Amino acid sequence: MGQTIANVFYKQRADFLEEQKERDKRLKFPDDVEEIRDIPYLKDGLKAHHLDAYKSKIITPEQEHRKFPVIINVHGGGLILGNKEFNRYFCAKLCKLGYIVFSVEYRLVPDCMFYDQCEDLSRALDFINDNLSNYNGDAERIFAAGDSGGACLLTYTAAMMKCAGMAKGAKVKPAQIDIKAMGLISGMFYTNKFDKLGLFLPKYLYGKDYKKSAFAKYVNPENKELLKALPPCFLVSSRGDNLRKYTLNFYKALKRVNTKSELLYFKKDKKLTHAFSVFEPELAESHETMKRMLDYFARIIV
């Protein structure tokens, strides 16, 4: 049974790549954004251990020595599929709004476990932090954004930086970077609920006996230690988001422990589906989402 489900993951991944090719035919990458691809953040030769950087090609003389705010993007895909290239149009839009953007690749389940993904992202964050000056990035204005499974991965990896028990339970070395705020788009926060995800995913993410592990209490994202360890969060969902209840419940949990947070929720509209701002970045509502998220980031710094 386990092998059968793993094969389903691989089939979903292959189907996704085919759909991505069709999507690439209709979306246009902007001419005024420079895309620097496949920068290794670990020197182990793995394709998954690379990231992309996005910066504006149009720099005025006044901007030549200016430091730009930074957004680190973590792609979605339920932790089993997806890639940084899928998010390139979303990242380019953020770049055009005045940011240096880094887009991180990481290993996927079932080729690894969730702990390994947290380790991957942690090392990418350290690499970005150590190399900000090469991209005119401002270390005082570092933010992060993730969608779906990427939002889940970002949430846990960020919390590990201030929650030593979680990092120890996952056997992950926490990143050393100061993320001021996060944008969490259609987050797949809950992985062990009695639903289509929770019925089969936990053992692949955390191991068959995870309920007996030191990490077990953190599998519930409403764990107070986890919530209190997070930076301010801007959450996005919509009535047409199949995981909308995850965002709404997680937002309530953040409010209960007084972690700074804000929710942007769109009413029912057939085009505003799961993570629509990443999937369809040309929509007016997608632009509104990005603008509102960046406005939130700016308010956190003031």
Side-chain angles (χ1 to χ4, degrees), residues 16 19-20 22-23 26-28 30 71 73-79 81-82 86-99 101 143-155 158 181-191 193-198 220-222 227 230-300:
F16 172 85
E19 292 171 4
Q20 183 175 346
E22 294 303 311
R23 176 175 176 265
R26 62 179 176 80
L27 293 179
K28 185 179 185 302
I71 292 179
N73 183 242
V74 186
H75 72 78
L79 303 172
L81 51 81
F86 187 86
N87 285 37
R88 63 193 295 260
Y89 308 100
F90 176 74
C91 291
K93 291 285 186 182
L94 295 175
C95 180
K96 287 173 68 68
L97 291 170
Y99 283 72
V101 182
F143 308 96
D147 64 283
S148 193
C152 175
L153 176 57
L154 175 59
T155 296
M182 304 192 303
L184 304 172
I185 301 167
S186 297
M188 193 189 79
F189 304 109
Y190 300 86
T191 56
K193 282 184 173 293
F194 193 69
D195 57 16
K196 289 181 180 180
L197 288 175
N220 178 6
E222 295 185 16
L227 295 171
L230 294 174
C233 298
F234 183 84
L235 294 92
V236 183
S237 187
S238 62
R239 183 67 180 82
D241 179 4
N242 62 311
L243 295 186
R244 64 185 179 279
K245 290 185 179 179
Y246 285 17
T247 290
L248 297 176
N249 289 339
F250 191 64
Y251 175 65
K252 291 175 184 177
L254 289 168
K255 286 296 185 184
R256 284 198 296 271
V257 299
N258 296 317
T259 296
K260 286 185 180 180
S261 57
E262 186 172 305
L263 172 66
L264 175 61
Y265 186 77
F266 290 86
K267 295 181 180 179
K268 190 171 183 179
D269 185 324
K270 63 180 181 180
K271 67 178 181 293
L272 304 183
T273 56
H274 180 69
F276 66 85
S277 58
V278 175
F279 279 73
E280 300 295 340
E282 298 296 338
L283 293 174
E285 292 87 351
S286 297
H287 181 78
E288 179 185 351
T289 296
M290 294 179 220
K291 186 69 169 56
R292 293 273 295 273
M293 181 176 70
L294 300 187
D295 287 346
Y296 180 79
F297 291 169
R299 295 200 309 272
I300 292 298

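Since the structure is predicted, the reported quantities are computational estimates derived from the model, not experimental observations.
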* **Derivation of the side chain to side chain contact (heavy atoms under 4.5 Å, CB included) call for N73 and V278** => CA-CA 11 Å; N73 183 242; V278 175; 5.8 Å; no
* Given L184 and F250, is the side chain to side chain contact (heavy atoms under 4.5 Å, CB included) satisfied, shown in steps? -> CA-CA 10 Å; L184 304 172; F250 191 64; 4.2 Å; yes
* Asked: Step by step, would you call F189 with Y246 a ring pair (Phe, Tyr, Trp, His ring centres under 6.0 Å)?
  -> CA-CA 6 Å; F189 304 109; Y246 285 17; 7.7 Å; no
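Without hydrogens or angle criteria, S186 side chain to H274 main chain gives no donor-acceptor distance under 3.5 Å. No donor-acceptor pair closer than 3.5 Å links the side chain of S277 to the backbone N or O of T289. Looking only at distances, a side-chain donor or acceptor of T155 sits under 3.5 Å from a matching main-chain atom of A151.
Among residues two or more places apart in sequence or in another chain, the ring-ring contact (aromatic ring centres under 6.0 Å, His included) test is passed with F234 by Y296. Remark: F143 pairs with F297 by the ring-ring contact (aromatic ring centres under 6.0 Å, His included) rule, at least two apart or across chains. Under the salt bridge (Lys or Arg N to Asp or Glu O under 4.0 Å) criterion, R256 pairs with E222, sequence neighbours left out. With sequence neighbours excluded, the residues forming a ring-ring contact (aromatic ring centres under 6.0 Å, His included) with F279 are F86, listed by chain and number. Applying the side-chain hydrogen bond (donor to acceptor under 3.5 Å, both in side chains) rule to N249 yields no partners; only residues at least two apart in sequence or on another chain are considered. Considering only residues two or more places apart in sequence or on other chains, L97 meets the side-chain contact (heavy atoms from CB on, under 4.5 Å) condition with H287, M290, L294.
Listed here is the closest heavy atom pair of L254 and C233: CD1-CB, 4.1 Å. Scanning both residues, L230 and A158, for their nearest heavy atoms gives CD2-CB, 4.3 Å. Shown here for E282 and K28, the closest heavy-atom pair between the two residues is OE2-O, 4.5 Å. Shown here for I300 and A181, the closest heavy-atom pair between the two residues is CG1-CB, 4.1 Å. Closest approach of G149 to M188, counting heavy atoms only: N-CB, 3.9 Å. For the residue pair S148 and G78, the shortest heavy atom distance occurs at OG-N, 4.3 Å.
Under the 4.0 Å criterion applied to side-chain N and carboxylate O atoms, R26 and E280 are assigned as salt-bridge partners. With salt bridges taken as basic N to acidic carboxylate O contacts below 4.0 Å, none links D295 and R299. Between E19 and R23 no salt bridge is recorded (no basic side-chain N to carboxylate O distance below 4.0 Å).
Separating the NE2 atom in H75 from the CG atom in L153 is a distance of 8.5 Å, to the nearest 0.5 Å. For the atom pair OH (Y265) and OG1 (T247), the distance works out to 9.5 Å, reported to the nearest 0.5 Å. Once rounded to the nearest 0.5 Å, the distance linking CG of L79 with OG1 of T191 reads 8.5 Å. In this structure, the separation between OG on S261 and CE on M182 is 10.5 Å, given to the nearest 0.5 Å. From L248, atom CG reaches atom CG of L263 across 6.0 Å, with rounding to the nearest 0.5 Å. To the nearest 0.5 angstrom, Y89 atom OH is 5.5 Å from L27 atom CG.
At a threshold of 4.5 Å between non-hydrogen side-chain atoms, the residues D241 and V236 do not count as touching. Using a 4.5 Å cut-off on side-chain heavy atoms (C-beta onward), L264 and M293 make no contact.
Heavy-atom neighbours of K255 NZ from other residues, nucleotides or ligands within 6.0 Å: above the threshold of 12.
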